[in-house]
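Input: a single structure, listed below in structure tokens.
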Amino acid sequence: MARKYPEYKQLNLSGISQEILKYWQDNNIFEESISSREGKPSFTFYEGPPSANGLPGIHHVMARSIKDIFCRFKTLEGYQVKRKAGWDTHGLPVELGVEKELGITKEDIGKSISVEAYNEACKKAVMRYTDVWNDLTEKMGYWVDMDDPYITYKPKYMETVWWLLKQLWDKDLMYKGYTIQPYSPKAGTGLSSHEVNMPGSYRDVTDTTIIAQFPAIKNEAYSKTFGDAVKADDKVYFLAWTTTPWTLPSNTALTVGKKIEYVMVETFNMYTHEAQKVVLAKNLVGKYFKAEQKDQPQADYDGKGKNIPWTIVWEGVGADLLELRYEQLLPYALPYENAENAFRVISGDFVTTEDGTGIVHTAPTFGADDAKVAKEATPPVPPMLVLDDNENPVPLVDLQGKFTKHMGEYGGRYVKNEYYADGEAPEKSVDVEIAIKLKEENKAFKVEKYVHSYPHCWRTDKPILYYPLDSWFINVTQHKERLVGLNKEINWKPKSTGEGRFGNWLENANDWNLSRSRYWGIPLPIWSTEDGTERKTFGSVEELKAACDEAIKAGLMDSHPFESFEPGNMDEANYDTVDLHRNVVDQIVLKSSAGEPMRRESDLIDVWFDSGAMPYAQLHYPFENKEKFETQYPADFIAEGVDQTRGWFYTLHTIAGLVFDSVAYKNVVSNGLVLDKNGHKMSKRLGNAADPFETILKYGADPVRWYMITNAQPWDNLKFDLEGIGEVQRKFFGTLYNTYSFFALYANIDGFEWNADQQTNVADRPEIDRWVLSRLQVLKQNVMNSFNEYEPTRAGRAMQQFVDEELSNWYVRLCRRRFWKGEMSTDKQMAYETLYECLFTVSQLMSPIAPFFADWLYQNLSSHLPEGSKEKSVHLTYLGEARAELIDERLNDRMKMAQQLSSMVFSLRKRESIKVRQPLQKMMVPALKPETVELIESIQDLVLSEVNVKELEILKDVSGVLVKKVKPDFKKLGPKYGKLMKQIAGAVGKFDQNDIAKLEEQGHYHLTLEGQEVELLIEDVEVSTEDIPGWLVMTENGITVALDITLSEELKNEGIARELVNRIQNLRKDSGLEVTDRIALRVQKADGLETAISENKGYITTETLTETLEMTDNLTEGLEVSFDEINTKIHLEKV
RNA sequence: AGUCCCGUAGCUCAGCUGGUUAGAGCGCUACACUGAUAAUGUAGAGGUCCGCAGUUCAAGUCUGCGCGGGACUACCA
């Protein structure tokens, strides 16, 4: 007989993944899953481009599973789901990698290596790991079109980015500014706020901190403010704290809070022991002065010890201190302009008295707040900018992070020891040296080590500097409201990320700093005249080419970089003649309206702009694909990690909002982190990172995906535990595999063949079939709803529950006999059809999450079907709607009852140690309500066969036999009686059998509680039975079961027969017989065995497929078996 | 400091619009079953549902205040 349904020896999920993957590749299943939906409504997904410059981790499997699930599901629903892969190719990580490889630094670029060669190296490096990524993509079963990915360094992509910038320019949303920015001297670039806020960039560091003493200048204002508190020869200092002593030479102001209370304290310097008076915030006094020493006579101080006396000699508020002046602390240099306005006390809102002294050291060149308050003061406080050799104003620290020559003995030294190459850092950092110097000069009030968190460059790992840089900005602030409004149209999963995290972020959004002073990226398409009075921006190669033509005519340029480019020709070959990177465009000198040369603004744009531009740039919009773009914008769905909230999610949203006044995506899933099993972050350093390839190879992609999706909601962090995958493998996939194997085994024996057109009528099938089909349709509804609501966890868990509990451990278990017995029959046919349908539907429903196994299952089920009635893959099938007409909730109630009754009988058997193989005569179930009676009648056969009992009697209400119990229905009574509820419950609890009888007879019961009349209705309570005197009884959830455990001879013999059958079956199996083999059986005689066999001969022989059964006295061969009190031997052979 | 998430059995997690014995799986113990067997059934042990206060007849569930864990944002002088 031909086997229609493949049978397997064991489940090998990893093998299945590989085998199915090959099948997909050989048959172009992915391509067909898209082409077969041509003309159907499209569902648009945008792939967030990974950078192929680094290796993928296990968290990528998580993120990509989520993406894949919804794309596959929508395909099943009939949508056409195009998904183009993409690569993020620009940016600092690539550059730094290349520098390291070539052994160069940023300074060498353009000198020892040409920009062109450097960019070429970057281009090569960036795609280095594409193979690894593609490999993972395939092995994990992520379907995305990798043959034609968008690549951000391609001319077409870059041209669209230029076009977008031009749109912003035309809307007057771009401007050049000068701001204090996070700057990484080692990387040689400013960092965007997203970069500074990358997870892990803030780190605890120990710095030398100084409370410096700024000597007050004794002028008119000074006398006016302090009056009698100060004497002519007093030394008075303002105390200000800094964690960055290297900024002290750049100090140009002190900032106080107007309303903060300040005091002047008369005391001694702890290092020089000189007498002095210091000013600081009043409520920080306790932090620096010991209470015991307060108001001790100054004259008693010995000038050495630590018990320094102190006395408050003046009190006031910040406003009193404004415009006081002080001597420059470290006079290395003066601001090149308006130096007379420096070294004053000014006010600022941000001053607090939480730490420090309540007076803030202000260095406008190295602090964003500092620059702001300095600018706002009247007159403005100048920043410490000095003139370099070219007469250009520069700060006292250069772009490498070194002090300039203006800094005397410190000139040329790095301001932080971390910036030195390994082993070259001096023992004392400049911070420490400055501290020593200040101590010696009586300008340090206190020096100490301090641990605080400080941002680090995410790539170089070195601390960042805040540094004044020229920059181009996108004016986001202006359209903040609109962006917030658009965000409300987006369906966020989870909601809180959108409303809370992302929403708050938008509301506080700052202008987007686009500038990056690097080489490998998309150049700003802005050309300026020397003095910056005229600027031009280009939104296409064509425009730029025209401008070049003009420049050449004017003699500003010799050669034409786009000589052979043909405007309007969209061929790849044409675009291959263009390169828009710095090595080319920096050579372009254009002509201003006055004939002056114009050069390009030297910065590149933030790479985040590249990725945020992908909806447009992947299609080379608007130069090509206009119609296609219309149908694919905005995205229906995107997904990335929650860490992208301020990354890709933000840039997509901002560009869409500012340029198109639209959302870029309608639904977004932001998934949480993948942590190790102890809840710690995975990192290569700690060695707790799981390798995605190893994991997939070992377990197969499906269990990994299934585990990740079902273990926790995607947006909760996942505690990734390999044992959890093992559990999924055993419990879910193992069970489903067993169910299929069971089906295949018997379907092949019986020659069952699925035929969609010749089905038995579902309505005619047995209760249990209709039940499981009803459950199946409920499952289908649940799963489809869950997927449509972007709740994959719910969908997965529902399937798991169905397969394990309902299909395998209830349906198949109860129906086993239907498959075993005898020849093919209608009932068998029905059982096969039912089980087939369940497996088939499950294969479809699970395919988004477990694409390989689902397809394997589907193909096993369908390979024998005639052409035209099957698809090549489950992923090409159409799911269709759930068949609501098959759902019958009452069936479900009945089945629940059956399960409960069975479990109760098992429990009773267990209590009396009567094994299930021993048949029992009778069980009784009391049922008071007619519905319950009906319910039990409908499932009694099921229960009886499950628990091996011969009859079930339903005890209708026979007073005296049953002991009843009554329980108030809180939901009904609560609202009616409110506070009396407790008393009612107490009274009802005390009802005896007579009270219950009375309530049941009359339908109501009168109670007087706390003087209040209570009329208790029968509907307000639940009456149940609790006991049947004289029987073995159990009660659970209001259902009672009684079991007759007396064993007649007949029952005993039947039990023995069953034991024997069991032993024979084991022997059959051990002898390696097929389940269909027929046997000749010989059994040695034993006490009590013969009658048992003769009474049950028919049963024994059919069960074991025995042709001849012989009882002998002396069986020499054969297996010894013993059970109950019987010892015998059995022997069988195949006939 | 602010915003958001989380806190239920040893572990991983359910618990809908408040309703009176708080659930599942894994793990553990014991017993059974075993022609699906890398399964399965039954029973047992294991919970002040983070704490406190409030609203309510009734709170794991709603509100407030704390505590603990996490993510993010700002600042970190």
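A note on names: the letters A, B, ... follow the listed sequences, proteins ahead of strands, and every chain is numbered from 1. The figures that follow rest on heavy atoms only: side chains count, while hydrogens, waters and symmetry mates do not.
- The nearest whole Å value for the distance from the CG atom in A:L736 to the P atom in B:U40 is 14 Å.
- Considering only residues two or more places apart in sequence or on other chains, A:K416 meets the salt bridge (charged side-chain N to carboxylate O under 4.0 Å, His left out) condition with none of them.
- Under the salt bridge (charged side-chain N to carboxylate O under 4.0 Å, His left out) criterion, A:E789 pairs with A:R794, not counting sequence neighbours.
- Rounded to whole Å, atom C1' of B:C33 lies 10 Å from atom CD of A:E1059.
- The partner of B:C4 is B:G70, by the rule that a Watson-Crick or G-U pair needs both atom distances under 3.5 Å.
- Nearest to the side chain of A:N711, among B:U12, B:C33, B:U20, sits B:U12.
- For the pair A:E791 CD and B:A14 P, the computed distance is 11 Å after rounding to whole Å.
- If you take CG of A:N12 and C1' of B:A38, they are 13 Å apart, rounded to a whole angstrom.
- Here A:S741 lies out of heavy-atom contact (under 4.0 Å) with every strand.
- Taking atom CG of residue A:D804 and atom P of nucleotide B:A38, one finds them 16 Å apart after rounding to whole Å.
- The residue A:Y746 sits close only to the backbone: its heavy atoms come under 4.0 Å of sugar-phosphate atoms, none of a base.
- Using atom C1' as the reference point in both B:U20 and B:U3, the two lie 38 Å apart (nearest Å).
- Rounded to a whole angstrom, the distance from the P atom of B:C50 to that of B:U40 is 31 Å.
- For B:U17 and B:U61, the P atoms lie 13 Å apart once the distance is rounded to whole Å.
- Nucleic acid contact for A:S808: base, since at least one base atom lies under 4.0 Å from a heavy atom of the residue.
- Residue A:E727 places its side chain closer to B:G25 than to any other of B:G25, B:U20, B:A36.
- At least one side-chain nitrogen or oxygen of A:R730 sits closer than 4.0 Å to the OP1 or OP2 atom of B:A39.
- Taken to the nearest 0.5 Å, the NZ atom of A:K446 stands 12.5 Å off from the CD atom of A:Q213.
- Using the Watson-Crick or G-U wobble rule with both distances under 3.5 Å, B:C26 pairs with B:G10.
- At the heavy-atom level, A:T247 lies nowhere under 4.0 Å from the strands shown.
- Rounded to a whole Å, the CZ atom of A:R794 is 9 Å from the P atom of B:G15.
- In this structure, A:F819 and A:F742 have perpendicular ring planes: the angle between them is above 60°, well past the 30° mark.
- A:K731 and A:D804 are joined by a salt bridge, as a carboxylate oxygen and a charged side-chain nitrogen come within less than 4.0 angstrom of each other.
- Comparing B:G25, B:A36, B:A38 by their nearest atom to the side chain of A:K731 picks out B:G25.
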For this session: Assess whether side-chain contact (heavy atoms from CB on, under 4.5 Å) is satisfied between A:N671 and A:M62, documenting all intermediate values.
Result: CA-CA 8 Å; A:N671 59 273; A:M62 173 81 187; 4.2 Å; yes

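- The side chain of A:N738 lies closest to B:A39, out of B:A39, B:A14, B:U40.
- Rounded to whole Å, the distance from CG on A:L506 to P on B:U73 is 13 Å.
- At the heavy-atom level, A:R797 lies under 4.0 Å from the strands shown only through sugar-phosphate atoms.
- B:A45 makes up no base pair with any nucleotide shown, lacking Watson-Crick or G-U wobble contacts both under 3.5 Å.
- Rounded to an integer number of Å, the gap from A:Q800 CD to B:A14 P is 13 Å.
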